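The shown structure was predicted, so the numbers you read here are calculated from the model rather than taken from an experiment. To find a chain, count down the sequence lines: A is the first, B the second, and so on, and within it residues start at 1.
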Amino acid sequence: MRQFSATVVSNISLCRDLYRIDFAWDARAVGPAPGQFFTVRVSDSTVPLLRRPFAVSGYASDTRTASAIYQRRGRGTDLLAARQAGERLDVIGPLGNTFPPPKNSQRCFLAAGGIGLGPVLYLARHLVRDGRDISLVFGARTSAGVPAAGTFDGLSPAVCTDDGSQGFPGSAIDYLNTLEPGTFQDTVLYACGPMAMLKEYHAIAATHQCPCYVSIEQVMACGVGACMGCAIRVTTEATYARVCTDGPVFDSGVIVWT
Amino acid sequence: MRQFSATVVSNISLCRDLYRIDFAWDARAVGPAPGQFFTVRVSDSTVPLLRRPFAVSGYASDTRTASAIYQRRGRGTDLLAARQAGERLDVIGPLGNTFPPPKNSQRCFLAAGGIGLGPVLYLARHLVRDGRDISLVFGARTSAGVPAAGTFDGLSPAVCTDDGSQGFPGSAIDYLNTLEPGTFQDTVLYACGPMAMLKEYHAIAATHQCPCYVSIEQVMACGVGACMGCAIRVTTEATYARVCTDGPVFDSGVIVWT
Amino acid sequence: MDLTVTIGNGKLPNPVGVASGTFGYGSEYESLIELSKLGAIYSKAVTLEPRPGNDAPRLVETPSGMLNSIGLANVGVERFLTDKMPFLARQACAVVCNVAGSGEDDYLRVVERLETHPDIFGYEINVSCPNVKHGGLALGTDPVLVERLVRRVRGLTRRPVIVKLTPNVTDITVVARAAENGGGDAISCINSLVGMVIDVGARRPVLPAGCGGLSGPAIRPVGVALTYRVSRAVSIPVIGIGGIMSADDALQYLLAGASAVQIGCATFVDPSIPGRVLSGIADYMTREQIACVQDIRGLLQ
Amino acid sequence: MDLTVTIGNGKLPNPVGVASGTFGYGSEYESLIELSKLGAIYSKAVTLEPRPGNDAPRLVETPSGMLNSIGLANVGVERFLTDKMPFLARQACAVVCNVAGSGEDDYLRVVERLETHPDIFGYEINVSCPNVKHGGLALGTDPVLVERLVRRVRGLTRRPVIVKLTPNVTDITVVARAAENGGGDAISCINSLVGMVIDVGARRPVLPAGCGGLSGPAIRPVGVALTYRVSRAVSIPVIGIGGIMSADDALQYLLAGASAVQIGCATFVDPSIPGRVLSGIADYMTREQIACVQDIRGLLQ
Ligand SMILES: Cc1cc2nc3c(=O)[nH]c(=O)nc-3n(C[C@H](O)[C@H](O)[C@H](O)COP(=O)(O)OP(=O)(O)OC[C@H]3O[C@@H](n4cnc5c(N)ncnc54)[C@H](O)[C@@H]3O)c2cc1C
Ligand SMILES: Cc1cc2nc3c(=O)[nH]c(=O)nc-3n(C[C@H](O)[C@H](O)[C@H](O)COP(=O)(O)OP(=O)(O)OC[C@H]3O[C@@H](n4cnc5c(N)ncnc54)[C@H](O)[C@@H]3O)c2cc1C
Ligand SMILES: Cc1cc2nc3c(=O)[nH]c(=O)nc-3n(C[C@H](O)[C@H](O)[C@H](O)COP(=O)(O)O)c2cc1C
Ligand SMILES: Cc1cc2nc3c(=O)[nH]c(=O)nc-3n(C[C@H](O)[C@H](O)[C@H](O)COP(=O)(O)O)c2cc1C
Ligand code: FES
Ligand code: FES
């Protein structure tokens with residue numbers, strides 16, 4: 001990991017709720033892999049104080065351009081959305097672990113909800129480039145949370161909306177439950193989204209006895225494993241794991257789901 | 001006084017160190033008079049927390065446009081300088097007292113240092129409109145602190161710079177000391193600028209036994225007389241006066257100069 | 001919707017008041033705020049004699065807060081009654097007099113004088129002022145002194161007696177219980193924290209007095225924590241204070257156990273805040289179907 | 001230019017350290033910070049047994065600050081020695097072990113074990129942890145307990161013993177003097193303030209533990225004020241802590257009376273801050289022609 005001052009390449013709105021920022025990744029830093037994240041100091045004021053973490057949603061190693069898909073949720077992401085091309089961004093990355101690759105024969109089922117889109121999209125592109133057979137499902141509350149088709153470049157996700165305003169009417173979980181049980185044979189599940197959704201994926205995976213990797217969010221202070229602030233409960237002897245360094249990707253079987 | 005949401009008409013740089021902001025004064029508020037000030041909430045964040053006070057540097061009663069001349073000094077004025085035409089400004093005004101008018105026969109000598117320019121300029125225009133005979137002196141550290149001649153519209157101040165880079169070489173006080181003593185006969189002095197400068201004007205006025213009114217700055221919290229925070233030492237029985245409501249204009253003889 | 005707050009034998013029309021020292025004597029904000037919408041105006045501290053206050057500067061901004069060193073600058077109880085009360089008495093909202101002094105007798109004599117005025121709702125006893133006899137520490141750091149003072153004030157009045165605590169103590173619940181035992185009708189929680197800012201260029205504290213009182217959003221987590229503790233230690237109402245800028249902030253205090261709140265330096269920042277806090281609380285009650293503002297206290301899980 | 005700081009029989013290379021709990025065991029920041037430039041690394045609290053820490057979430061941001069409720073999560077003294085010390089021992093900077101426990105014996109046994117390692121500079125005794133025997137209040141609120149604990153630690157080691165005080169007390173100078181009387185070599189001032197944030201939507205405190213520790217720029221005025229007081233009450237060095245984000249902030253502490261400083265959550269915000277604070281202090285000394293960092297203390301008017 002490195003701390004660097006990155007130049008913003010572009011920062012655009014993808015749909016009402018989502019934005020994408022592209023910036024130049026530092027040449028001396030390792031390129032980010034699917035599952036990894038970075039933190040940004042969004043303001044030089046003391047409000048907001050803490051850096052904000054975002055998952056990498058794509059990385060072009062030729063141009064060294066990294067991107068993230070984010071939602072405006074509060075002051076930090078408001079300030080991020082105000083950054084314009086050419087401006088600077090104080091970035092630390094790459095942080096965290098990566099999605100484990102599927103076994104040779106395994107098919108990959110990828111599921112993203114809301115702001116979980118970024119890391120799942122990056123993983124999807126990565127797997128497709130490796131010639132893997134993937135299925136992608138993306139769930140949002142309403143069509144306002146669904147970016148234009150171009151965002152998925154070439155991938156064709158099953159889009160679900162809770163209010164039925166676009167694609168499958170219902171959650172991504174509801175959608176999965178409509179699929180034939182055979183779908184999950186020799187399959188590995190990858191998911192990122194709200195905790196409640198991840199818990200359901202874990203349950204589905206357990207039912208079908210397929211491995212399931214989830215990318216978790218937790219409020220962070222340091223992002224590098226030093227403060228013990230981003231703990232989540234795990235089933236191992238350690239009791240707690242740090243999302244920033246032991247994760248953000250975990251085998252769903254290790255998490256204590258509450 | 002009223003609190004209102006004003007539209008910024010323009011916000012421009014006058015020289016390296018000074019800016020001028022023009023904004024629409026609320027129709028239901030009394031128009032500001034020379035000497036008065038207003039406060040602005042520069043951010044909806046809690047940093048900076050307190051409103052920032054600025055003297056009115058001009059007011060066009062026909063268009064109800066008020067202006068202030070300000071210096072970028074810290075975060076508050078940085079944020080003010082970033083406001084663009086059409087944006088909103090949370091204003092409370094008019095606040096404080098006004099410069100007392102000169103007696104009939106009196107000539108007026110007006111002196112401004114640095115950010116003291118605004119209120120003095122407004123007073124000068126006001127007096128000229130009333131057909132008064134005025135002299136105006138403006139002192140800055142260097143030519144970077146001297147706005148273009150157009151700022152003084154029609155008035156021709158004696159410009160002084162400490163480093164001699166423009167106009168009279170030396171402070172405005174040095175300049176005054178080059179004038180013939182007769183200059184101050186039947187004259188009233190009006191001054192705004194750093195405390196050290198005001199103290200010297202007071203001394204000059206005392207020597208020449210002419211009245212002297214100074215506009216004082218003090219850190220403020222409420223700006224309306226409620227918090228007792230903006231106190232300055234005075235010679236009256238009250239011991240302290242509030243700059244925001246008893247001032248900002250004081251007879252220099254009332255101030256305890258330290 | 002019932003927004004009233006009962007304190008002793010009195011009733012405040014709503015839970016949102018403006019804190020002592022931040023609202024002068026009311027008239028200063030008359031043209032900016034509808035005073036009749038306020039639950040209560042807590043006056044600037046009233047002392048026996050007029051006090052000029054501390055040397056300038058008296059204020060300095062800090063990250064998300066401010067330090068003040070006003071030094072109880074006030075007109076004294078006599079001029080308060082003659083010059084300030086007539087305006088306050090005309091207002092629809094409750095007027096609570098914040099009372100301060102350097103010794104016990106000062107407090108008592110001020111209350112005695114204020115008892116002569118018919119339009120005072122009650123007293124807020126400010127035990128946070130540095131006390132000479134008590135080694136410069138605030139009287140409010142000693143539960144024995146607090147209990148005795150409150151008991152003696154209690155003996156002078158049937159009006160609500162509110163005791164305003166300092167947060168600068170090891171265990172605020174001990175002092176809160178002392179105030180309750182002395183006969184106090186409510187606790188105001190909290191006054192400002194001790195703080196200092198040094199002007200590095202000038203090599204001296206910005207405030208000539210050295211330390212000042214820290215208030216504003218920076219201290220809100222401290223105020224909420226101490227309100228939570230105090231409201232569990234006493235059975236009289238608690239009035240939450242410290243860094244409230246919005247209805248959500250006020251609701252944190254009410255959920256923590258407060259029966260009412262006071263807005264302090266937020267009024268400086270935006271005089272519309274007290275009004276918006278009240279309407280925001282009312283909106284919350286509508287949305288969450290809460291009939292009585294006093295029920296919010298019981299909702300914390 | 002002399003940047004060294006003498007503490008007991010030890011000497012720190014410069015006055016800028018990184019605070020306990022905000023820098024893990026050093027290795028976490030290895031790729032972001034030149035550790036050799038640090039005056040000292042104060043380790044995460046070390047306890048006798050490993051501790052898993054508190055339930056999640058453990059953090060919440062506040063205006064210009066943050067609350068934490070980590071709960072002394074740490075690997076315990078044995079694994080600290082085997083897993084963490086080898087890395088720390090390789091670093092050029094001083095390693096100070098922050099020691100915590102639920103009772104006096106815990107502290108002593110941790111220090112005894114740490115004495116076996118040759119590369120520890122000294123100990124920072126964290127008396128701010130809630131103490132079961134002491135009614136849940138921190139041991140550090142009782143000067144008698146503090147003096148006894150420090151005296152017993154003193155008996156175990158010739159290394160520098162630093163006592164880290166809690167600000168949540170009525171009179172911090174009393175506790176500071178107790179630490180000095182017990183044989184402490186320095187005072188760390190301050191640990192975090194008590195605070196709480198309530199999630200209004202969920203109607204419960206954000207932190208499952210209820211209260212947490214407030215740190216960051218919001219508390220800087222409190223840290224400076226207490227450093228000013230403590231450094232006038234004791235003759236041992238004081239290490240100023242709380243909200244330092246820049247060289248100017250650190251200079252406030254040094255002018256207030258501190259001999260050294262620690263950077264806490266500012267490192268989270270920008271890992272380059274400790275380095276920039278040190279170079280900023282050096283620049284100030286050059287500009288103001290101050291030869292010895294220890295002389296800054298005497299410059300306050
Ligand atoms: C590993 C990781 C990857 C993430 N990836 C993405 C992503 O790709 N796209 C995206 O939109 N969001 C992502 N997030 C969440 C993102 O960090 C928060 O939305 C953002 O910090 C909110 O900041 P704010 O100031 O706008 O909102 P706030 O008003 O501060 O808070 C809004 C919400 O964000 C959460 N939050 C606030 N601060 C933090 C913090 N320091 N760390 C984590 N969560 C916080 C709060 O719990 C709150 O519920 C990720 C979080 C983590 C931990
Ligand atoms: C009655 C009055 C009229 C003024 N008129 C003008 C004017 O016409 N043009 C102009 O440029 N400036 C004027 N000022 C000064 C102006 O208010 C400050 O420059 C401004 O507040 C600085 O804010 P900042 O955040 O940029 O700087 P900061 O970094 O906060 O501070 C820079 C300096 O400004 C002073 N200052 C900070 N906050 C306040 C406050 N709330 N009130 C007063 N001073 C403060 C500080 O003492 C400090 O020395 C006036 C001040 C007063 C009291
Ligand atoms: C300028 C100023 C003056 C104050 N004067 C008094 C006072 O006279 N008596 C008192 O009890 N509290 C006084 N306080 C404390 C406030 O009433 C309040 O307890 C404190 O500011 C915390 O609330 P806040 O964070 O909302 O400002 C004063 C506060 C400020 C900022
Ligand atoms: C996440 C976190 C964990 C902490 N853990 C400890 C600890 O284990 N021992 C200790 O003495 N102080 C601990 N502290 C307190 C800091 O060392 C420091 O005293 C406090 O944060 C104030 O400094 P700051 O405002 O610069 O952060 C911790 C602080 C934070 C933010
Ligand atoms: S955020 Fe600090 S350990 Fe994960
Ligand atoms: S700023 Fe409050 S009284 Fe002047």
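Interface summary for chain C: among B:Val219, B:Leu50, B:Leu49, the most heavy-atom pairs under 4.5 angstrom belong to B:Leu49. The choice from B:Thr39, B:Thr239, B:Val224 that makes the most heavy-atom pairs within less than 4.5 Å of chain C is B:Val224. The residue among B:Ala238, B:Ser45, B:Pro48 with the most heavy atom pairs within less than 4.5 Å of chain C is B:Pro48.
Neither the backbone nor the side chain of C:Asn74 has a heavy atom closer than 4.5 Å to any heavy atom of chain B. For B:Gln3, the parts sitting under 4.5 Å from any heavy atom of chain C are the backbone and the side chain alike. With a 4.5 Å cut-off on non-hydrogen atoms, C:Pro217 touches chain B through its side chain but not through its backbone. Residue contact with chain C, scored on non-hydrogen atoms closer than 4.5 Å, involves the backbone of B:Arg2 exclusively.
No salt bridge links C:Glu61 with B:Arg75; every basic N to acidic carboxylate O contact stays at or beyond 4.0 Å.
Scanning both residues, B:Ala226 and C:Phe23, for their nearest heavy atoms gives CB-C, 3.8 Å. Nearest heavy atom pair, residue B:Val47 against residue C:Ser64, reads CG2-OG, 3.4 Å. Closest approach of C:Tyr29 and B:Cys222 over heavy atoms only: OH-CB, 3.3 Å.
Summarising the geometry, atom CG belonging to C:Asp55 is positioned 3.5 Å from atom OH belonging to B:Tyr240; distances are rounded to the nearest 0.5 Å. Between C:Met66 atom CE and B:Thr46 atom OG1 the span is 14.0 Å, to the nearest 0.5 Å. Here SG of B:Cys227 is found 5.5 Å from CD1 of C:Ile70. Values are rounded to the nearest 0.5 Å.
Identified by a heavy-atom distance below 4.5 Å to chain B, the contributing residues of residues 263-275 of chain C are C:Phe268, C:Val269, C:Asp270, C:Pro271, C:Ser272, in residue-number order.
Looking only at distances, a side-chain donor or acceptor of C:Arg58 sits under 3.5 Å from a matching main-chain atom of B:Met228.
Crowding of C:Arg204 atom CZ: a count of heavy atoms from other residues, nucleotides or ligands under 6.0 Å not exceeding 12. Enclosure of atom CZ in B:Arg141 is not indicated, since only 12 or fewer non-hydrogen atoms of other residues, nucleotides or ligands lie within 6.0 angstrom.
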